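Keep in mind that the numbers below use all heavy atoms, side chains included, and drop hydrogens, waters and symmetry copies. Bear in mind that the values here come from a model prediction, so they are computed numbers and not experimental data. In listed order, ligands and their atoms are each counted from 1.
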Amino acid sequence: MLVVEDEPAIAELVALYLRRDGFGVRVESSGDAALAAVRSLSPVAVVLDVGLPGMNGIEVCRALRAAGDWTPVLFVTARDDEVDRLLGLELGADDYITKPFSPRELALRVRTVLRRSSGVVSEVLQVGSVRIDVGERRAFAGSSEVSLTSTEFGLLAYLMKHPRQVFSREQLLSAVWGYASVAGTRTVDVHIAQLRAKFGASSPIRTVRGVGYSADAS
Ligand code: CA
């Protein structure tokens, strides 16, 4: 997911919410850098601030479309009165969100945008008998759905996206909670324990003594 936002505090927050939802996130603060990042990274979607210095969000989207790039775009705007104009531009803007927004609202909009764009509707990951749908944010042990909190889901999704790879608590903390997190590594242990309690014998999480955790079917 590419986040284009020139206000560092908002960019950090959006990136944090998205990472918790299991997305890999790249942040850019200018239109030029955003266009280059779309070309080099092919993100599943772009969360695009309208009010950027220099080339604004609308111009960025227009440049993408002119180049035949239809990567889904979720516009972020601080102004309600801008919304009609945005959607009237026929830029293939898939949705918009107005500042200030809640994590829940952002997650909902992102899911809507991904669902609408064909081919990236959802990513389903499976390790052992545990299966998660990243787009729908649903987790299953065999055929039964397991209800997870946002953070639990983000942690499990991160581990399952890199099966058998062992991560230290510090790595998990920065990937799932974000670099600005004040949470300690003990937080990771607590959430791992909660995931294990919820999945019981199906839990795909393995402890690697002295190193950290991995998702592994064996
Ligand atoms: Ca801005």
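- Ser40 and Arg26 are not linked by any side-chain donor-acceptor pair at a separation below 3.5 angstrom, with hydrogens and angles left out of the test.
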Side chains of residues 42-57: which donor-acceptor partners sit under 3.5 Å, not counting sequence neighbours?
| unit_1 | atom_1 | unit_2 | atom_2 | d |
| --- | --- | --- | --- | --- |
| Asp49 | OD1 | Lys99 | NZ | 3.3 |
| Asn56 | OD1 | Ile58 | N | 2.9 |
| Asn56 | OD1 | Glu59 | N | 2.9 |

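- No donor-acceptor pair under 3.5 Å is formed between the side chain of Ser203 and the backbone N or O of Gly200.
- Of the possible polar contacts, one joining the Asp69 side chain to the Thr71 backbone as a donor-acceptor pair under 3.5 Å is found.
- Atoms of the protein (N, O or S only) found under 3.0 Å from the Ca ion (ligand 1) are Asp6 OD1, Asp49 OD2, Gly51 O.
- Without hydrogens or angle criteria, Glu7 side chain to Ala9 main chain gives no donor-acceptor distance under 3.5 Å.
- Between the side chain of Gln126 and the backbone N or O of Gly128 there is at least one donor-acceptor pair closer than 3.5 Å.
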